[in-house]
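Read through the structure below, which is laid out as structure tokens, and then see the notes.
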Amino acid sequence: MPIPLVNSIASWFLKKRFHQIELFLKYPNEVQLELLHVLLETAKNTEFGQRYDFASISNYKTFAERVPIRSYEDYESMIDRSRQGENNIFWPTSIKWFAKSSGTTSSKSKFIPVSQESLEDCHFAAGKDLLCMYLNNNEGSKLFTGKSLRLGGSKELYKENGTSFGDLSAIIIDNMPFWAEYSSTPSNEISLMSDWEIKMKAIVNETVLENVTSLAGVPSWMLVLLNQVLETTGQEHLFEIWNNLEVYFHGGVSFEPYKDQYKKILPNDSFKYYEIYNASEGFFAIQDNNDSSELLLMLDYGIFYEFIPMDTYETKDEKVIPLSEVELGKNYAVIITTNAGLWRYKIGDTIRFTSINPYRIKISGRTKHHINVFGEELIIENAEEALRKTSKETKCEIVDYTVAPIFMEGREKGAHEWVIEFKKHPNNLEEFAHILDQNLQNVNSDYEAKRYNNTTLNILKINEARPHLFYDWLKKNDKLGGQHKIPRLSNSRIYLEELLELNKVDFLSSSQKQ
């Protein structure tokens with residue numbers, strides 16, 4: 001089918017869907033409760049549904065009292081059985097796909113179930129809605145006159161006992177609607193290559209010849225690809241290669257550390273950036289306005305939401321609340337119940353609400369990615385806001401970073417130790433450290449209290465990383481590719497020590513060679 005015809009059909013459908021979105025936004029809490037009833041009714045005859053007698057649950061209160069909160073470890077044995085081809089355990093329809101994910105902090109693989117319902121009614125529906133919102137906000141868009149350069153994971157699907165597993169992006173590409181495949185580049189064959197470095201070269205060679213109008217992928221890895229495109233073509237910015245490029249759809253990691261670098265290679269104020277919030281477990285939220293940092297929580301994708309205020313998380317006073325009870329500005333851990341059979345499942349993310357009419361959010365971090373060794377409660381959102389301000393003040397650019405505590409020893413006070421890889425170095429690293437420390441105090445009152453007169457914490461320590469340190473660390477740990485991320489904050493020094501050792505060894509090797 002010709003691309004213009006495919007694009008016309010897709011555009012018509014997306015504009016029609018926009019009216020459905022407007023409708024469910026008027027009754028958000030009613031939509032969520034109705035969805036919960038549908039999920040319970042659908043799964044009442046599964047092994048899990050019979051264990052908790054879903055058939056007799058008629059309201060949220062009973063559901064919350066009867067069904068326990070679960071982590072992946074609580075699900076693992078059931079998921080293993082499902083991967084062996086056993087059906088009707090936690091969801092009535094057979095689970096054919098499992099999204100393999102090691103997360104950021106563990107090398108242990110997780111296999112997240114992906115049902116036909118979650119694939120179609122969540123992941124694919126979200127892709128359509130994202131385009132729908134973008135087109136509604138940009139009526140003169142020429143998005144569908146060209147192709148979207150997509151950058152996903154780097155591993156193909158593997159079959160085992162009648163089920164398949166691999167990166168979520170591989171599952172999506174393998175099941176992609178025909179109209180989306182026609183409008184995407186590179187080809188499926190290249191997209192699913194397992195060798196990341198060979199794949200990057202193949203993507204460059206194929207896409208520089210296309211009329212690329214949009215980009216889609218994780219900011220860190222997309223930046224690596226785009227810089228390789230510029231290096232290969234000898235051009236200074238991307239509009240010299242793709243003059244119809246108009247939007248970048250991004251997610252997976254915070255965009256803040258990369259924003260200035262993108263503006264340099266995309267020097268056009270009319271170019272748009274649209275953020276998404278998705279994971280192997282589902283697609284949760286979409287930026288629905290131009291030039292906005294807020295994400296609209298999508299409520300009709302087969303996902304029922306609950307939240308745990310982070311000040312009670314994993315304490316004896318832990319409190320779980322439905323969407324209708326959230327408050328603005330508070331930090332919450334996200335709990336989901338899905339149309340793939342995850343029941344009251346902790347996904348490990350934290351968010352805060354910026355609006356409750358409609359429900360809009362910002363991603364604030366991960367439940368395990370924070371530093372609270374000294375009561376400072378430092379979260380990723382704090383770190384990246386302070387880094388953004390410091391980089392602007394010192395006119396430098398940051399590629400990657402990680403932070404860990406320096407533990408108290410004897411009479412020595414604690415501190416935070418950073419490893420930062422700069423693209424553009426600050427003139428004075430000591431001055432950079434002082435400004436960053438002050439900006440952290442400005443955005444986090446707990447950190448400020450611990451730093452007051454060096455009461456508990458000394459000023460932070462910064463280690464300057466050699467070029468490509470973080471890339472080499474990911475490669476060494478077999479984590480190159482679109483879905484792998486640098487651990488930003490940790491209460492442990494494991495990652496930081498590995499990076500420092502790799503930094504030190506390579507400097508010595510380089511010196512010895514000279």
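Residue indices begin at 1 and follow the sequence shown. Remember, predicted model here, so these are calculated numbers, not experimental data.
With salt bridges taken as basic N to acidic carboxylate O contacts below 4.0 Å, none links D53 and K44. One finds a salt bridge joining R493 and E417 here, because a Lys/Arg side-chain nitrogen approaches an Asp/Glu carboxylate oxygen to under 4.0 Å. By the 4.0 Å N-to-carboxylate-O rule, E120 lies too far from K128 to be salt-bridged with it. The existence of a salt bridge linking E160 and R83 is confirmed by a sub-4.0 Å separation between a basic side-chain nitrogen and an acidic carboxylate oxygen. Salt bridge absent: D311 and K319 never bring a charged side-chain N and a carboxylate O closer than 4.0 Å. Remark: E376 does not engage K450 in a salt bridge, criterion side-chain N to carboxylate O under 4.0 Å.
With hydrogens and angles left out, the side-chain atoms of Y258 and D400 include a donor and acceptor closer than 3.5 Å. In summary, the side chains of S71 and E73 do present a donor paired with an acceptor at a separation below 3.5 Å, with no hydrogens or angles considered. E384 and Y401 share a donor-acceptor pair across their side chains, judged by distance under 3.5 Å alone. Checking Y301 against D129 by side-chain atom types alone, a donor-acceptor pair falls below 3.5 Å. Checking Y277 against D349 by side-chain atom types alone, a donor-acceptor pair falls below 3.5 Å. With hydrogens and angles left out, the side-chain atoms of R360 and S292 include no donor and acceptor closer than 3.5 Å. Counting only N and O atoms by type, the side chains of E117 and T93 include a donor and acceptor under 3.5 Å apart. A side-chain donor from one of S293 and K362 sits under 3.5 Å from a side-chain acceptor of the other. With hydrogens and angles left out, the side-chain atoms of N339 and S118 include no donor and acceptor closer than 3.5 Å. For the 3.5 Å distance criterion, the side chains of K147 and S184 fail to qualify, holding no donor opposite an acceptor.
By the 6.0 Å and 45° rule, R66 does not stack over the aromatic ring of Y52. Taking the centre and axis of the six-membered ring of Y332, the NZ or CZ atom of R352 falls outside the cone set by 45° and 6.0 Å.
When every heavy atom of N382 is checked against every heavy atom of L440, the shortest pair comes out as O-CD2, 4.1 Å. Y471 and W221 get closest at one heavy-atom pair: CE1-CZ3, 3.8 Å.
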In sequence, state the C-alpha distance, the side-chain angles, and the governing distance for K201 and E197, and then conclude on salt bridge (Lys or Arg N to Asp or Glu O under 4.0 Å). CA-CA 7 Å; K201 293 177 183 177; E197 292 175 329; over 6 Å; no
Could you go through K110 and E76, starting from their C-alpha distance and side-chain angles, then the distance that decides it, and tell me whether this counts as side chain to side chain contact (heavy atoms under 4.5 Å, CB included)? CA-CA 8 Å; K110 297 180 180 180; E76 191 167 14; over 6 Å; no
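Taking N477 as the reference, nothing meets the side-chain hydrogen bond (donor to acceptor under 3.5 Å, both in side chains) condition, with sequence neighbours excluded.
Atom OG of S280 is separated from atom CD1 of I112 by 6.0 Å, given to the nearest 0.5 angstrom.
With a 6.0 Å radius and a threshold of 12 heavy atoms from other residues, nucleotides or ligands, N161 has its CG atom above the threshold.
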